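None of the values given here were measured: they were computed from a predicted structure.
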Amino acid sequence: MRCPPSFLSLLLLTLPASVLAQVDSRTASLSKQLGQGQEPRARTQAAQGLGSSDDPEAVKPLCSGLKDPSEQVRAAAAQALGKLKEVAGLECLKARKGETDAAAQAAIKVSIQTLQELKSQAPRVYVQLGGVKDKTGELKPEVVKFAEARMKRKLTQMGVLLAPAKESKSAAQGVLRKHGIHGFRVQAEIHSTEAGGLMVRMVCIGYPDQALLGDVEVQASGAKPEELLKVLAPRIIEEAADTFEWDT
């Protein structure tokens, strides 16, 4: 641990607004280019960009890209789905096992293997996400749910086994013994900042023993709440994992 268990650790992070402001528009632009681009090269580049976006919304256009008339684009879309590491892409990849182009077929096979391994990986840690609370009083419910979904996605990608919302102490202890891992419970809050942005605070306690470990915070400004949370939600999970050493 970086800090004694009784000490609340504070981490402030300000992210570049220029990056945040492009999150939604870039995914939408690349999706349009992949679906409507005139040249296979442009559609291929769009697929590659979506694969690097770390945006779950990229799954749908990439799955559509698997049916593109160009074998080059189909291969790029398949590779991108593996790079995106979104388990939701497995279904459309498996549906294209009859692909006739050798390069596209090979890309589909590799990406299926990547996502299958992600889906079946041995858990590194057991985490109960106690939800996300809006302390700004101004966010729409769907925006808060969006932030929570992004946190869960990041947890899954990191090899975290998610605990159910309601679980007995004995049941939780049984899971920890079975996998030989540690358990944590986290609770997130979204606050407004003086700069007009958002700050996400996450409190971490031991699970299921309820021992307070501390908290971490990340903040950013310069974009709409949805765009800020696209970056802040996964980042707060990374900071909690690093600060509280979830992999040890």
Side-chain angles (χ1 to χ4, degrees), residues 15-119 140 142-143 145-154 156-157 197-198 220-235 237-238:
L15 300 173
S18 59
V19 174
L20 296 168
Q22 298 174 10
V23 175
D24 270 342
S25 59
R26 183 171 185 270
T27 299
S29 176
L30 290 172
S31 298
K32 183 177 181 179
Q33 183 176 334
L34 176 58
Q36 303 178 18
Q38 295 298 313
E39 298 295 329
R41 181 177 179 181
R43 300 199 301 276
T44 296
Q45 292 174 339
Q48 293 169 342
L50 289 170
S52 302
S53 68
D54 194 33
D55 189 341
E57 294 176 12
V59 172
K60 185 175 180 179
L62 285 173
C63 283
S64 297
L66 295 176
K67 304 175 184 178
D68 193 275
S70 167
E71 61 272 13
Q72 179 183 3
V73 177
R74 297 198 300 273
Q79 291 173 344
L81 282 165
K83 186 174 183 180
L84 188 63
K85 293 186 178 180
E86 179 60 50
V87 175
L90 263 175
E91 185 176 349
C92 67
L93 283 166
K94 290 181 177 180
R96 298 294 298 178
K97 282 187 175 181
E99 168 66 53
T100 55
D101 179 71
Q105 186 181 60
I108 290 171
K109 183 177 180 180
V110 171
S111 289
I112 288 177
Q113 181 178 351
T114 297
L115 297 183
Q116 286 281 26
E117 290 176 354
L118 178 63
K119 185 177 181 179
K140 296 179 180 179
E142 56 266 29
V143 174
K145 290 181 180 179
F146 166 83
E148 183 172 351
R150 294 282 292 186
M151 291 178 189
K152 288 182 178 179
R153 176 176 183 266
K154 185 62 179 181
T156 301
Q157 288 181 331
L198 294 178
S221 60
K224 296 178 181 179
E226 297 90 338
E227 296 167 346
L228 294 174
L229 290 170
K230 272 194 172 184
V231 177
L232 293 177
R235 183 61 63 87
I237 295 298
E238 293 174 350

Report task. Kindly determine whether Thr114 and Lys85 satisfy side-chain hydrogen bond (donor to acceptor under 3.5 Å, both in side chains), including the steps that lead there. Result -> CA-CA 8 Å; Thr114 297; Lys85 293 186 178 180; over 6 Å; no
Report task. Determine, step by step, whether Lys94 and Gln116 satisfy the side chain to side chain contact (heavy atoms under 4.5 Å, CB included) criterion, reporting the C-alpha distance in whole Å, the side-chain angles of both residues, the deciding distance to 0.1 Å, and the verdict. Result -> CA-CA 11 Å; Lys94 290 181 177 180; Gln116 286 281 26; 2.9 Å; yes
Requested in this report: May I have the step-by-step check of side chain to side chain contact (heavy atoms under 4.5 Å, CB included) for Lys67 and Arg96, ending in yes or no?
Outcome: CA-CA 8 Å; Lys67 304 175 184 178; Arg96 298 294 298 178; 4.0 Å; yes
Requested in this report: Go through the steps to decide whether Asp55 and Lys230 satisfy the test side chain to side chain contact (heavy atoms under 4.5 Å, CB included), and finish with yes or no.
Outcome: CA-CA 8 Å; Asp55 189 341; Lys230 272 194 172 184; 2.8 Å; yes
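In Glu238, the CD atom is crowded: over 12 heavy atoms of neighbouring residues, nucleotides or ligands sit closer than 6.0 Å. Remark: Gln38 CD is loosely packed, at most 12 non-hydrogen atoms of other residues, nucleotides or ligands lying under 6.0 Å away.
Leu84 and Arg153 make their closest contact through O-NH2, 3.4 Å (heavy atoms, listed as atom of the first residue, atom of the second, distance). Taking both residues in full, the closest heavy atoms of Ser70 and Asp68 are given as N-OD1, 2.8 Å, listed atom of the first, atom of the second, then distance.
Side-chain contact between Lys154 and Gln157 is present, with at least one heavy-atom pair separated by less than 4.5 Å. You'll find the side chain of Leu93 reaches within 4.5 Å of the side chain of Leu66, heavy atoms only. Using a 4.5 Å heavy-atom cutoff, the side chains of Ser53 and Leu30 are not in contact. When side chains are defined from C-beta on, Leu81 does not count as touching Ile108, because their heavy atoms never get closer than 4.5 Å. Taking 4.5 Å as the limit, every side-chain heavy atom of Glu71 sits out of range of all side-chain heavy atoms of Pro40. You'll find the side chain of Ser64 stays beyond 4.5 Å of the side chain of Leu34, heavy atoms only.
Separating the CD1 atom in Ile112 from the SG atom in Cys92 is a distance of 9.0 Å, to the nearest 0.5 Å. Considering CD of Gln33 and OG of Ser31, their distance stands at 10.0 Å, rounded to 0.5 Å. Distance check, rounded to the nearest 0.5 Å: CD of Gln79 to CD of Gln48 gives 7.5 Å. Here the straight-line distance linking atom CG of Leu50 with atom NZ of Lys83 works out to 11.0 Å at 0.5 Å rounding. A distance of 11.5 Å separates CZ in Arg235 from CZ in Arg150, rounded to the nearest 0.5 Å. Annotation: the span from Glu57 atom CD to Phe146 atom CZ amounts to 6.0 Å, rounded to 0.5 Å.
In terms of modelled atom types and a separation under 3.5 Å, the side chain of Ser111 and the main chain of Ala78 share a donor-acceptor contact.
Salt bridge status for Asp101 with Arg74: absent, with no side-chain N to carboxylate O gap under 4.0 Å. We find that Lys145 and Glu148 are not joined by a salt bridge, their nearest charged nitrogen and carboxylate oxygen being 4.0 Å or further apart. Salt bridge status for Glu227 with Lys224: absent, with no side-chain N to carboxylate O gap under 4.0 Å.
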